[in-house]
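Right, one structure below, let's go through it.
As the structure lists them, so they are numbered: ligands from 1, and atoms in each ligand from 1. Remember, it's a predicted structure, so these values are computed and weren't measured experimentally.
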Amino acid sequence: MDADKIIDKLYESCGASLEELEFLIDCRNEETAQKLFALARSRALENYGNKIYVRGLVEISSFCKNDCLYCGIRRSNKNAQRYRLTKDEILECCREGWALGFRTFVLQGGEDAYYTDDIMTDIVASIRAGYPDCAITLSLGEKTREAYQRYYDAGANRYLLRHETATPEHYAKLHPKELSLASRMECLQNLKEIGYQVGCGFMVGSPYQTTADLARDLLFIKSFAPQMVGIGPFIPHHDTPFADKPAGTAELTLFLLAIVRLMNPKVLLPATTALGTIEGDGRERGILAGCNVVMPNLSPQSVRKKYMLYDNKLSSGEEAAEARAALERRVEAIGYRVVTDRGDYKG
Ligand code: SAM
């Protein structure tokens, strides 16, 4: 096999076989990476120009009923600082975000029983009423189809639910036995059928991950055809069972982001907080590898340090929504521009 030919094929046909993807990942070097990044950039430019879409991220709760082995807010982490935002606090975040130029609000949180379907539906409906020109994205984990439908009917447009890994055996090593890949996939299917713009994704370098797992993730994304893909490095949290596992690298994350861009030319692809956390210029490097979205933190200052999914998670500097001007300068320095736009999928 020849890496150059696989990259050309990815560019021309937006696809590759499992074996080809494995080969490309395993044999990657600086040269193949640069070629991949250049093609991924040109694909993003073709579809979205040099626009970078911003989403205001509101982390609504650090309570979670789940016990994912990698996550700092897992229920058995007794040292996690717990908080939840009220409806008024969430609306205040949206008000501030709107003034800062955000036209997408992303509500993310642990699976917190406080937010019953009635409460969540009411919160979504209130944001929709107050901000008719904005997109509402939810990232609240696994819910019943009825709940997803109610949020959608109340005005939510998009839903982010990373599949985490497309390999059932790998999924079982990252999660407690009550969580399964099958139910995660059923949720993704339900979201799509209801009409959401859906985002799936995975962590790079999560414990026990193999190259074959990554290739299966890439092929799953291609077949699911989501509107958004969230990919960031795994970063250990000191109070989890994976405290001593090594973090994923920015280098492999960027390589995979570029492949995702080539396989899914129109996808909305964020340069994630985790990428910015392990590498100071991770966000810019993500954009130069084909990303076209950034999601600054719009949560109240008082809780930002409490949503600690992994150690040293960024929530200040250009990661903070209020530092939008600084973010704009960094993005402009590499030839792109931050836009005030809902930034919907161009299907
Ligand atoms: N509860 C919702 C869910 O399960 O989708 C949303 C919140 S969850 C904390 C958001 C994402 O954070 C997960 O999908 C996971 O990929 C990521 N995450 C959790 N722990 C992480 C870690 N240690 N390193 C990197 N990403 C992590």
In plain terms, say whether R150 and D153 are close enough for a salt bridge, that is, a side-chain N and a carboxylate O under 4.0 Å apart. no
So, regarding Y70 and ligand 1 (criterion: nitrogen or oxygen to nitrogen or oxygen, under 3.5 Å), is there a contact or not? yes
Mark the output for G201 as yes if a heavy-atom distance to ligand 1 is under 4.0 Å, and as no if none is. no
At what distance is the nearest protein heavy atom to atom 14 (O) of ligand 1, and which residue and atom is it? E164 OE2, 2.5 Å
Between T340 and R324, does any side-chain donor sit less than 3.5 Å from a side-chain acceptor? yes
Can we call the ring centroids of Y114 and F63 under 6.0 Å apart? no
So which heavy atom in the protein is nearest atom 27 (C) of ligand 1, and how far is it from that ligand atom? M203 SD, 3.5 Å
In ligand 1, the atoms that come under 4.0 Å of a heavy atom of Y307 are 7 (C), 9 (C)
Under the 3.5 angstrom rule, does the side chain of R337 hit a backbone N or O of E328 as a donor-acceptor pair? no
Heavy-atom gap R184 to ligand 1 smaller than 4.0 Å: yes
Would you confirm whether R128, through its side chain, and Y131, through its main-chain N or O, come within 3.5 Å as a donor-acceptor pair? yes
Do the side-chain N and O atoms of D88 and T86 include a donor-acceptor pair separated by under 3.5 angstrom? no
State whether the side chain of R103 and the backbone N or O of W98 hold a donor-acceptor pair below 3.5 Å, judged by distance alone. yes
Nearest protein heavy-atom contact for atom 17 (C) of ligand 1: which residue, which atom, what distance? R162 NH1, 3.8 Å
re atom 24 (N) of ligand 1, the protein heavy-atom contact at minimum distance is I235 N, 3.1 Å
Indicate whether any N or O donor in one side chain lies under 3.5 Å from an N or O acceptor in the other, for D118 and T121. no
From the list N312, T273, I278, side chain to side chain contact (heavy atoms under 4.5 Å, CB included) with I235 holds only for I278
Any S139 heavy atom less than 4.0 Å from ligand 1: yes
Please check if any side-chain donor atom of S76 sits under 3.5 Å from a side-chain acceptor atom of D67, or the reverse. yes
Tell me: protein heavy atom nearest atom 12 (O) of ligand 1, and distance? L309 CD1, 3.6 Å
Say whether Y159 and ligand 1 are in contact under the criterion: heavy-atom distance to a ligand atom below 4.0 Å. no
Checking a contact table here: which protein heavy atom is nearest atom 1 (N) of ligand 1, and how many Å away? G109 O, 3.0 Å
Give the residue, atom name and distance (to 0.1 Å) of the protein heavy atom nearest atom 25 (C) of ligand 1. P233 O, 3.4 Å
Would atom 8 (S) of ligand 1 count as contacted, meaning some protein heavy atom under 4.0 Å? no
Regarding ligand 1, does H237 bring an N or O atom to under 3.5 Å of one of the ligand's N or O atoms? no
